[in-house]
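The next block holds one structure in the form of structure tokens; read it before the comments.
Lettering of chains follows the sequences in order, A, B, ..., and the numbering in each one begins at 1. If you're wondering where the values come from, they're calculated on a predicted model, not measured in any experiment.
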Amino acid sequence: MALYQREPYTTADRSKVAANESDEEENALVEDYKEQVHFDDDMGELDRTASFGTSGGPHDMQAQLTAAATPLEYGAALDTKFASYDNYCNLFHYILNSEGPVDLEVPTYFWAWDVIDEFIYQFESFCRYRNRIARQEPSSDDAQLLRDNPNTWGCYSVLNVLYSLIQRSQINEQLDSMKRNEDPNQVAGEYGTRPLYRMLGYFSIIGLLRVHCLLGDFSLALKTLDDIELNKKAMFARVMAAHFTTYYYVGFSYMMMRRYADAIRMFSHILVYVSRTKNFQKNAQYDSVSKKNDQMYALIAICVAFNPTKLDDTIHTALREKYGDQLVRLQRGGPEALPLFEDLFRTACPKFISPTPPDFDTPELNVDPVDHHCRIFMEEVKNTMWSPTVKSYLKLYTTMDLKKLAGFLEVEPEKLRGWLLVNKQRSRQVRWSEGALLDGEVVNGSDLDYAMQGDLIHVSEAKVGRRLVDWYLRNLARTY
Amino acid sequence: MGIAFDYAPDRPEHIEAILNGLDRYNPETTTIFQDYVTQQCEDRTYDCYANLALLKLYQFNPHLTRDEPTTNILVKALTVFPSPDFSLLLHLLPPHILSPTSTSSASGPTPAAGDAPLSEAVQKLSLLNSLLEQANYSGFWATLDSDDLYADLIADVNGFEELMRVRIASCVGQGCREVERGVCEGWLNLSGKEFEGFVTEICGWGIDHSDGSTAVIRIPVNKENEAKGTVVREEVRFDQFSRVIRRAYEQPA
């Protein structure tokens with residue numbers, strides 16, 4: 001019933017509108033213009049409902065849906081960013097707070113992903129822009145404008161949208177019942193049974209993963225995915241960009257929680273997938289993936305330096321091609337490797353944001369969040385930078401005198417004792433085996449183990465025995 | 001099965017409920033979390049996941065930030081080194097907190113007397129954390145004694161020094177079978193009778209004087225310090241042979 005009341009928004013023949021690109025562009029331009037006019041009208045008080053509720057015709061609706069999923073042009077003016085925020089507010093308000101579920105025909109299959117992705121991207125770039133202005137040009141006009149509108153693109157409203165979409169669609173309940181092999185429609189409710197809401201809800205979970213990660217809350221980021229099972233059958237796997245984003249942020253969060261083996265598993269999974277499907281990807285889509293692709297190789301290089309592992313052959317080859325020299329230096333460790341760790345981290349980390357308006361009056365307090373997170377990460381690198389050295393020597397012996405080894409390394413014995421303890425502690429890592437992403441058990445990730453008996457170091461190694469069964473079976477099959 | 005990061009055995013139900021709902025973002029729950037931090041400090045429990053939620057509330061509502069719970073949370077995180085908890089908490093603090101300039105600029109407009117600015121406290125605690133993570137335990141104790149500010153910071157955390165000793169002992173126990181007494185005393189910052197009592201009663205280790213001049217602490221063998229070489233053998237499952245066996249039935253003789 002409520003649906004029909006909304007009829008005016010949805011009657012137009014969408015397929016025609018979508019096909020006619022110039023028409024659509026024109027509409028978007030008109031819409032843009034209207035927004036700007038509206039913006040000039042009342043700059044102080046950004047009214048959330050005006051532009052959508054009153055100027056709405058069917059074409060407007062469609063243009064708005066498309067606009068919501070389209071990136072702003074590079075270096076868009078601040079007014080445009082404000083206007084875009086308003087548009088999102090209106091759109092989500094309409095989707096969430098109309099009487100009953102709305103019946104929208106979305107422009108493309110990927111629309112739900114695109115709109116969430118773009119929404120968060122704009123939030124991210126707005127926060128970063130605001131922070132930069134406060135740091136570098138605290139007396140500019142833009143700074144004044146930002147100072148006057150502290151609530152635009154606020155973290156609470158962004159989270160509110162994502163959580164509301166999740167709740168409306170009952171997506172967590174749906175996923176949970178799918179896990180138990182029950183019919184998700186039983187728990188989906190009036191909204192959640194509709195593909196629009198289900199998709200928006202689902203991708204909002206991925207969106208939350210990303211937002212939490214951008215804010216530096218890595219454990220909560222992983223916790224958000226509790227109900228999503230990471231496998232090829234997952235819903236996100238159907239949208240390449242979503243698939244990719246999910247694994248990048250999950251992998252990154254694991255890395256920041258020092259669960260390097262899990263991080264490597266995540267990055268490897270998606271990079272292998274990308275390399276296998278490379279030829280089927282449309283070029284435009286692949287380009288956007290390709291930058292993140294390189295970032296993930298950089299992250300794998302970092303993780304492997306922390307936690308030497310045998311990688312998948314495809315990944316190993318590609319890693320050597322892209323970061324061959326660097327990888328060798330990272331794995332060697334020591335103080336010379338520090339700048340390299342920092343470089344790679346900075347090129348490959350997400351663009352961290354600070355959620356609250358900056359302090360325009362004291363510019364030096366507005367440190368780039370990337371610097372903050374990088375500094376914390378580097379602390380960990382520094383604390384463990386001698387592990388590769390220690391390992392490379394211990395590999396050669398079964399017993400070793402601590403003082404003698406200290407002599408080789410030209411350090412005081414007490415310092416070496418510290419390095420040995422650090423390396424021992426770091427070889428124990430939490431690793432996922434089943435259940436939610438935050439679950440896991442402590443395992444020894446290294447094939448080298450040792451214990452100190454006074455000054456005597458006992459070294460032991462885990463060797464992989466010969467693999468006989470496969471060989472035996474193959475020969476057996478041949479002789480029959 | 002391991003333990004999930006978000007699990008805390010002693011977490012009260014009402015905290016659990018807030019953490020699992022949207023109330024974790026509600027500024028009104030700040031006081032509840034703060035009380036919970038005080039409780040953790042008093043009864044020696046620890047709940048990193050809930051403490052992260054409090055810091056997140058501070059992150060979103062800077063005007064609510066209170067220094068004392070923040071530093072108490074960080075001090076509590078020291079007691080569980082070398083877990084990543086301390087870093088994870090740092091990630092949620094304001095970005096300027098670790099930058100060296102902020103201390104110098106903060107000392108410009110003179111903060112209220114006796115009330116050290118938060119960033120100075122956080123940087124001091126970070127230093128302690130680094131020393132612990134570098135396994136420089138004697139350095140940790142020396143630094144802790146070097147400044148009165150540290151005494152203020154750890155004052156609220158009941159049994160901090162003992163908790164640290166137990167934690168250090170468990171790390172040492174994983175890596176060593178025998179330690180010279182002198183070294184061990186430095187690590188635990190104890191000597192004489194106190195040291196002997198702690199090592200034998202709380203850790204269950206032995207003290208061996210047989211060597212004469214230098215006594216040796218013997219740590220019983222555990223899973224971590226036995227460092228036994230292993231050979232990873234391949235696992236053979238019966239169904240790998242199913243084809244062979246089926247063929248044996250299909251073509252007898």
Side-chain angles (χ1 to χ4, degrees), chain A residues 155-156 159 163 215-220 223 256-258 354-356 364-369 371-373 375-376 379-380 382-383 417-422 424-426 430 435-436 438-442 449-454 458-465 467-469 473 476-477 480, chain B residues 1-6 22 25 48-49 52-53 56 59-62 82 84 87-88 90-99 101-102 105 126 129-130 133-136 138 171-172 174-180 183 216 224-234 236 240-241 243-244 247:
Chain A
C155 54
Y156 268 108
L159 285 180
Y163 275 109
L215 293 171
D217 198 341
F218 307 107
S219 53
L220 192 59
K223 179 76 183 160
M256 297 312 274
M257 293 189 75
R258 302 188 192 157
S354 175
T356 43
E364 70 273 15
L365 283 187
N366 304 307
V367 173
D368 187 339
D371 293 341
H372 174 63
H373 296 291
R375 189 174 275 142
I376 299 169
E379 206 47 48
E380 165 68 2
K382 268 178 233 158
N383 292 339
R417 218 188 288 273
W419 295 355
L420 285 165
L421 282 174
V422 170
K424 176 97 185 180
Q425 285 158 13
R426 287 304 198 272
V430 181
L438 283 175
D439 289 2
E441 40 198 320
V442 180
D449 203 7
Y450 54 87
M452 281 179 275
Q453 183 169 20
H458 296 271
V459 188
S460 68
E461 215 176 334
K463 295 193 184 82
V464 179
R467 301 206 163 265
L468 294 171
V469 176
L473 282 174
L476 210 58
Y480 267 120
Chain B
M1 210 29 227
I3 294 166
F5 179 82
D6 52 332
L22 287 183
Y25 298 104
C48 187
Y49 189 64
L52 283 164
K56 187 162 197 93
Q59 184 189 38
F60 282 5
N61 309 281
S87 311
L88 292 176
L90 282 185
H91 282 293
L92 288 185
L93 295 178
H96 63 81
I97 207 100
L98 289 178
S99 65
T101 50
S102 70
S105 74
S126 296
N129 184 56
S130 290
E133 301 218 317
Q134 291 163 7
N136 184 353
S138 37
C171 286
V172 170
Q174 288 176 344
C176 304
R177 294 177 204 168
E178 278 179 17
V179 190
E180 233 176 79
V183 175
V216 167
E224 306 297 334
N225 76 358
E226 65 177 329
K228 216 166 52 180
T230 48
V231 178
V232 182
R233 289 176 176 279
E234 65 182 326
V236 185
Q240 284 176 286
F241 289 85
R243 245 185 88 216
V244 179
R247 276 195 83 101

Contact summary for [X] and [Y], nearest pair of heavy atoms:
| X | Y | answer |
| --- | --- | --- |
| A/V367 | B/P95 | O-CB, 3.6 Å |
| A/T356 | B/F60 | CG2-O, 3.4 Å |
| B/C171 | A/Q425 | CB-NE2, 3.4 Å |

Options B/D6, B/N136, B/V236, ranked by heavy-atom pairs under 4.5 Å with chain A, top entry: B/D6
Chi angles and distances behind the side-chain contact (heavy atoms from CB on, under 4.5 Å) call for B/V179, A/M452: CA-CA 8 Å; B/V179 190; A/M452 281 179 275; over 6 Å; no
Quick check on [X] against chain B: is it the side chain, the backbone, both or neither that has a heavy atom closer than 4.5 Å?
| X | answer |
| --- | --- |
| A/Y450 | backbone |
| A/P355 | side chain |
| A/L215 | both |
| A/L420 | neither |

Check: B/Y25 main-chain N/O paired with A/Y156 side-chain donor or acceptor under 3.5 Å: yes
Parallel, tilted or perpendicular: ring planes of A/H373 versus B/H91, cut at 30 and 60 degrees: parallel
Greatest number of heavy atom pairs closer than 4.5 Å to chain B - which of A/E380, A/K424, A/M257, A/R258: A/R258
Note: A/K382-B/E133 ion pair, threshold 4.0 Å (strictly below): no
B/S130/A/E379 under side chain to side chain donor-acceptor pair (under 3.5 Å): CA gap, chis, key distance, verdict: CA-CA 7 Å; B/S130 290; A/E379 206 47 48; 2.6 Å; yes
Test side-chain contact (heavy atoms from CB on, under 4.5 Å) applied to B/L90 and A/R375, step by step: CA-CA 10 Å; B/L90 282 185; A/R375 189 174 275 142; over 6 Å; no
Toward chain A, the part of B/L22 with a non-hydrogen atom under 4.5 Å: side chain
Working for side-chain contact (heavy atoms from CB on, under 4.5 Å), residues B/I97 and A/H372: CA-CA 8 Å; B/I97 207 100; A/H372 174 63; 4.0 Å; yes
